[in-house]
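First comes the structure, then the notes that go with it.
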Number of protein chains: 2
Amino acid sequence: MEKTMIDIDTAAQSLKLLGDKTRLTIIGLISEGECCVCEFVEVLQMSQPSVSQHLRKLRDAGLVKEKRKGQWIFYSLNKDHETYPITKQILAQIPDQIEKLRALERAGLRIQCD
Amino acid sequence: MEKTMIDIDTAAQSLKLLGDKTRLTIIGLISEGECCVCEFVEVLQMSQPSVSQHLRKLRDAGLVKEKRKGQWIFYSLNKDHETYPITKQILAQIPDQIEKLRALERAGLRIQCD
DNA sequence: TGCATATATAAGCATATGCTTATATTATAA
DNA sequence: TTATAATATAAGCATATGCTTATATATGCA
């Protein structure tokens, strides 16, 4: 498992994106699976356009992937991204967001379409 | 070695500071020792006020410490900071900046006052 | 087809950011 | 004490950021 160095510009660009509470929470939410936009809206208690705009930044940078499933668009971590190792290390040091998703599920608001 | 979780707001705040090429390079430069402002100015090829302003942000957040030695003020990593574990992990994944300091030394511009 | 739902995009705006130039502060040295 | 060097701070400005509201696009369903 050879460690590849991530150049400083690339690292800084990803860190800048992760350096926002909303986006860092989004990354935490999908650290163990995918979520759709309406789930983020519910958990984050933010407007849909605002959430979409954060997702676009993450997607443009390649940190997340999107996949349409019917009327929903699901977002997930892009584990192939050059800076994914950094993201993973950060995720290991912040509290997981799973409980928030469980609460969604209990409220019947979790989208499952597999 | 129990891992303490770093809350998401705290993590995001530090990541935001690290998400800037200049500041990330500064952190890289002091990852193995202290540097004074004029060394940063030389290595980064930036104006002194601009460097000072970046250092102030890092210091205000507690990510770095400063120590005056005569006419110079030396900056170093604050290893006691709550988010230092994150910083350390990031540093492990970017190329070290030591070579830049060696070049300074060869040019006779390295400040040593111990 | 037509309507509802999910999502994206656009435009506008207030605030944050990072630089610049000018100046203040602190310490050393003559 | 005066001059110089190292650093900090202040003010100004252009650009970036993150929200809002309004609207567009795409899908599913009656």
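Naming convention: chains lettered A, B, ... in sequence-line order (proteins, then strands); numbering from 1 in each chain. Computed from a predicted structure; not experimentally measured.
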Task: Base versus backbone protein contacts along nucleotides 9-15 of chain D [heavy-atom cut-off under 4.0 Å; B, S, -] - done: BBB----

Open item on the list: Any side-chain to backbone donor/acceptor pair from B:Gln97 onto B:Thr25? Under 3.5 Å, distance only.
Closed with: no

Task: Contact nearer the 5' end of DNA chain C, comparing B:His54 with A:Leu55 - done: A:Leu55

Open item on the list: Would you say that B:Val43 contacts B:Leu109 through its side chain, given a criterion of any heavy-atom pair below 4.5 Å between the two side chains?
Closed with: no

Task: Side-chain (A:Glu32) to main-chain (A:Leu29) donor-acceptor, under 3.5 angstrom - done: no

Open item on the list: Just the rounded figure in Å: distance from P of D:dT17 to CD of A:Gln13.
Closed with: 10 Å

- [ ] Would you please name every residue forming a salt bridge (Lys or Arg N to Asp or Glu O under 4.0 Å) with B:Glu66, sequence neighbours left out?
- [x] B:Arg59

TODO: Can you tell me the distance, in whole Å, between the CZ atom of A:Phe74 and the P atom of C:dA8?
DONE: 12 Å

Task: Separation of C:dA6 P from A:Glu34 CD (nearest whole Å) - done: 17 Å

TODO: State, to the nearest 10°, the angle formed by the axis through the first five base pairs of the helix from C:dT1-D:dA30 to C:dA30-D:dT1 and the axis through its last five.
DONE: 10°

Task: nucleotides 25-30 of chain D: protein proximity per nucleotide (B base, S sugar-phosphate only, - neither; heavy atom, under 4.0 Å) - done: -SSS--

Task: Validation row: B:Gln89, A:Ile90 side chains within 4.5 angstrom (heavy atoms) - done: no

Task: Sorted by number, the residues of residues 15-24 of chain A with heavy-atom contact under 4.0 Å to DNA chain C - done: none

With a 3.5 Å cut-off and sequence neighbours excluded, list the donor-acceptor pairs that the side chains of residues 8-19 of chain A form with protein atoms.
unit_1  : atom_1 : unit_2  : atom_2 : d
A:Thr10 : OG1    : A:Asp7  : OD2    : 2.5
A:Ser14 : OG     : A:Thr83 : OG1    : 2.8

- [ ] Determine, stepwise, if the pair B:Val51 / B:Thr22 fulfils side-chain contact (heavy atoms from CB on, under 4.5 Å).
- [x] CA-CA 8 Å; B:Val51 168; B:Thr22 300; 5.7 Å; no

Task: Between C1' of D:dG18 and CG of A:Leu58, the distance in whole Å - done: 13 Å

- [ ] Check the pair A:Ile30, A:Phe40 against side-chain contact (heavy atoms from CB on, under 4.5 Å), reporting the backbone distance first and the verdict last.
- [x] CA-CA 10 Å; A:Ile30 58 177; A:Phe40 295 128; 3.6 Å; yes

- [ ] Give the rounded distance in Å between these two atoms: CD of B:Glu39 and P of D:dA6.
- [x] 11 Å

Task: Rounded distance [0.5 Å steps], CG in A:Leu63 versus NE2 in A:His81 - done: 5.0 Å

TODO: Can you tell me the distance, in whole Å, between the CD atom of B:Gln45 and the C1' atom of C:dG18?
DONE: 18 Å

- [ ] Nearest whole angstrom, please: distance from the P of C:dT5 to the CD1 of A:Ile111.
- [x] 13 Å

Open item on the list: Taking any heavy-atom pair under 4.0 Å as a contact, classify A:Tyr75: base, sugar-phosphate, or nothing.
Closed with: sugar-phosphate

Task: A:Lys88 vs A:Ser31, side-chain contact (heavy atoms from CB on, under 4.5 Å): CA-CA, chis, key distance, verdict - done: CA-CA 8 Å; A:Lys88 203 171 51 171; A:Ser31 66; over 6 Å; no

- [ ] Identify whether the distance between the nearest side-chain nitrogen and carboxylate oxygen of A:Arg106 and A:Glu99 falls below 4.0 Å.
- [x] yes

Open item on the list: Given 3.5 Å as the limit, does a donor-acceptor pair link the side chain of A:Gln48 with the main chain of A:Val37, or not?
Closed with: no

TODO: Give a yes or no on whether the backbone of A:Ser50 and the side-chain of A:Gln53 come within a donor-acceptor separation of less than 3.5 Å.
DONE: no

Open item on the list: Heavy atoms from C-beta onward define the side chain here; which of C:dT17, C:dT7, D:dT7 lies closest to that of B:Lys57?
Closed with: C:dT17

Task: Side-chain (B:Ser52) to main-chain (B:Pro49) donor-acceptor, under 3.5 angstrom - done: no

- [ ] Nearest whole angstrom, please: distance from the P of C:dT17 to the CG of B:Asp60.
- [x] 12 Å

